[in-house]
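Proteins get letters first, then strands, A, B, ... in listed order; numbering begins at 1 in each.
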Protein chains: 2
Amino acid sequence: MDGTEKLNKTRERIIETIAQNIHLYGLSPSVGRQYGTMFFHNEPLTLDDMTEELGMSKTSMSTSVRALTDLKLVERAWKKGVRKDLYQATDDWYQSFIDLFSIKWRRSISLHSVSIRKSLAELESLVNDPTVIEEVKQDAQLDIAKLVYIRDYFEWLDRLVDVFESHDIFNFVPMKDSSKD
Amino acid sequence: MDGTEKLNKTRERIIETIAQNIHLYGLSPSVGRQYGTMFFHNEPLTLDDMTEELGMSKTSMSTSVRALTDLKLVERAWKKGVRKDLYQATDDWYQSFIDLFSIKWRRSISLHSVSIRKSLAELESLVNDPTVIEEVKQDAQLDIAKLVYIRDYFEWLDRLVDVFESHDIFNFVPMKDSSKD
DNA sequence: TAGTTTGTACAGTTTTTTCCGTTCAAACGA
DNA sequence: TCGTTTGAACGGAAAAAACTGTACAAACTA
């Protein structure tokens, strides 16, 4: 058996595994396959390169490369004399994991916080409204307790993301080797 | 304006926010809406209750309740004299966040680890094979370095999940109030 | 045992997402 | 200036996912 063939097989296995797990990043398998291909490619790639490599349209490459750069899984590269845009996979997986939180979870925290604040204010005014009957006020009190609880939860989550973003998490759960950070 | 109406509005806002962010748990908005409804419902619900509450088919309720229980966002409840299955939202959001990691990320870590181990073994045998040409061996060496790196990353991720599962994370990022855990 | 009730499997339909081909605007080169 | 190249917007086709109604098996009731 040819060595090159064997080499490709080992790569394909990893790429396929990435493709089947990238839903954790909110991306579809083919986008994962694209990322995996870029990860093993030691040179930056153009959209046309990817089109050829993956047998998909340039339009697809364009949109999925955008999705990947939004999550900072891929970044633009520069090479003198090349007019086309070049892209390469970011090589820091720890940072990619952190970026996922920064981008996706932080947004969710923010959206929830806004809703909770609004609803809490309305519920407070409701329990202070003398025209509202007692039974409704009791329900409102229950809801207030729930919203205070999840507000605290999101506040915790926010601090958790801080700990990732600041890299303090590595003091608590250290990396195996210290070549990074 | 009626107080009940106002109360419902505050709930709807939160439910809708949950629905629009539950994709972080790999669930669709309507499943999120179902969870939100259960969260505010102070009594356990049957599938028929949910059908009525959400105006969706019983089949949908059945499948999505399963998805929610798989992620431990919903659990079965018991009530004497009631033959139908009862479900209620779990009330510990911190634990739900942790369970997400235990269930989804741990699985991904495991799948990646298997693939990496296999591919690494094959690459090692390739570089030790005297019939393989030098150039391929050099490529293999590059791949080995990459795989060792991501193996270390997943090993770190595994320890990170440990820290969540064991609740040690709360020593590092404490909850606001100490009524939990 | 026969008749209900309850949850889920299955097949079909609707909705959403993914992907492609074409088109177009911006950047570059002659 | 006018062509050429490149990346992305847009509409439509294909694929996937969500949802429904029917059918059925298991558990309960009489």
Side-chain angles (χ1 to χ4, degrees), chain A residues 15-16 18-38 43-71 73-89 104, chain B residues 15-16 18-38 43-71 73-89 104:
Chain A
I15 291 172
E16 206 49 42
I18 292 172
Q20 311 224 337
N21 286 282
I22 200 125
H23 66 270
L24 291 166
Y25 282 73
L27 301 173
S28 63
S30 37
V31 180
R33 217 163 284 121
Q34 186 172 1
Y35 173 80
T37 306
M38 296 174 82
E43 291 292 312
L45 292 167
T46 68
L47 292 182
D48 289 322
D49 292 336
M50 300 176 208
T51 294
E52 180 156 5
E53 195 88 34
L54 296 161
M56 288 175 70
S57 76
K58 200 173 173 182
T59 306
S60 289
M61 297 302 98
S62 179
T63 54
S64 48
V65 143
R66 165 136 56 172
L68 286 165
T69 48
D70 284 351
L71 283 170
L73 288 168
V74 157
E75 61 189 2
R76 295 178 73 138
W78 298 103
K79 215 164 146 187
K80 58 186 175 190
V82 179
R83 281 233 320 253
K84 305 184 184 185
D85 292 357
L86 288 164
Y87 302 95
Q88 65 188 354
K104 295 240 177 209
Chain B
I15 291 172
E16 206 48 42
I18 292 172
Q20 310 223 335
N21 286 283
I22 200 118
H23 65 272
L24 291 166
Y25 282 73
L27 300 173
S28 64
S30 36
V31 181
R33 216 163 285 120
Q34 187 172 1
Y35 173 80
T37 305
M38 297 174 81
E43 291 292 314
L45 292 168
T46 67
L47 292 183
D48 289 323
D49 293 336
M50 300 176 207
T51 295
E52 181 157 3
E53 194 87 34
L54 296 161
M56 287 175 70
S57 74
K58 199 174 173 183
T59 307
S60 288
M61 296 303 99
S62 177
T63 56
S64 48
V65 141
R66 166 136 57 171
L68 286 165
T69 48
D70 284 350
L71 283 172
L73 288 168
V74 157
E75 60 190 3
R76 294 179 73 138
W78 299 101
K79 216 164 144 186
K80 56 185 174 192
V82 179
R83 279 228 327 246
K84 304 183 185 185
D85 291 359
L86 288 165
Y87 302 94
Q88 65 188 353
K104 295 238 176 207

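Distance A:Gln34 CD to C:dC19 P: 10 Å, rounded to the nearest Å. Here the C1' atom of nucleotide C:dC20 and the NZ atom of A:Lys58 are 14 Å apart, to the nearest Å. Atom CZ of B:Arg76 is separated from atom C1' of C:dT8 by 12 Å (rounded to the nearest Å). At whole-Å resolution of the value, CG in A:Leu47 and C1' in C:dC19 are 15 Å apart. As rounded to whole Å, 12 Å separates atom P of D:dG21 from atom CE of B:Met61. For A:Met50 and C:dC20, the CE to C1' distance is 18 Å, given to the nearest whole Å. Straight-line distance from the CG atom of B:Leu54 to the P atom of D:dT20: 10 Å, rounded to whole Å. To the nearest angstrom, P of D:dA18 lies 13 Å from CD1 of B:Ile22.
Nearest to the side chain of B:Ser62, among D:dG21, C:dC19, C:dT8, sits C:dT8. In the set C:dT18, D:dC19, D:dG7, D:dC19 carries the atom at the smallest distance from any side-chain atom of B:Met56. Residue B:Lys84 places its side chain closer to C:dT6 than to any other of C:dA9, D:dA18, C:dT6.
The base of D:dG7 is not paired with the side chain of A:Thr59 by any donor and acceptor separated by under 3.5 Å.
In the model, B:Ser64 has a side-chain atom that pairs as donor or acceptor with a side-chain atom of B:Gln34 under 3.5 Å.
Proximity of a side-chain donor or acceptor of B:Thr51 to a complementary backbone N or O of B:Leu47 within less than 3.5 Å is detected. Looking at A:Asp49, its side chain does come within 3.5 Å of a backbone N or O of A:Thr46 through a donor-acceptor pair.
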**Report entry** From CA spacing to verdict: side-chain contact (heavy atoms from CB on, under 4.5 Å), A:Met38, A:Leu73
**Finding:** CA-CA 10 Å; A:Met38 296 174 82; A:Leu73 288 168; over 6 Å; no
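As judged by a 4.0 angstrom heavy-atom cut-off over every strand, A:Asp85 is placed among residues touching the sugar-phosphate backbone only.
Taking side-chain N and O atoms only, B:Ser30 has a distance below 4.0 Å to OP1 or OP2 of D:dC19. Here B:Arg66 reaches the OP1 or OP2 of C:dA9: one of its side-chain N or O atoms lies under 4.0 Å away. A:Ser60 has no side-chain polar atom (N or O) that falls below the 4.0 Å cut-off from OP1 or OP2 of C:dC19.
Projected onto DNA chain C by closest heavy-atom contact, B:Thr46 and A:Ser57 fall at different nucleotides, the more 5' of which corresponds to B:Thr46.
Within 6.0 Å of the CD atom in B:Glu75, the count of heavy atoms belonging to other residues, nucleotides or ligands exceeds 12.
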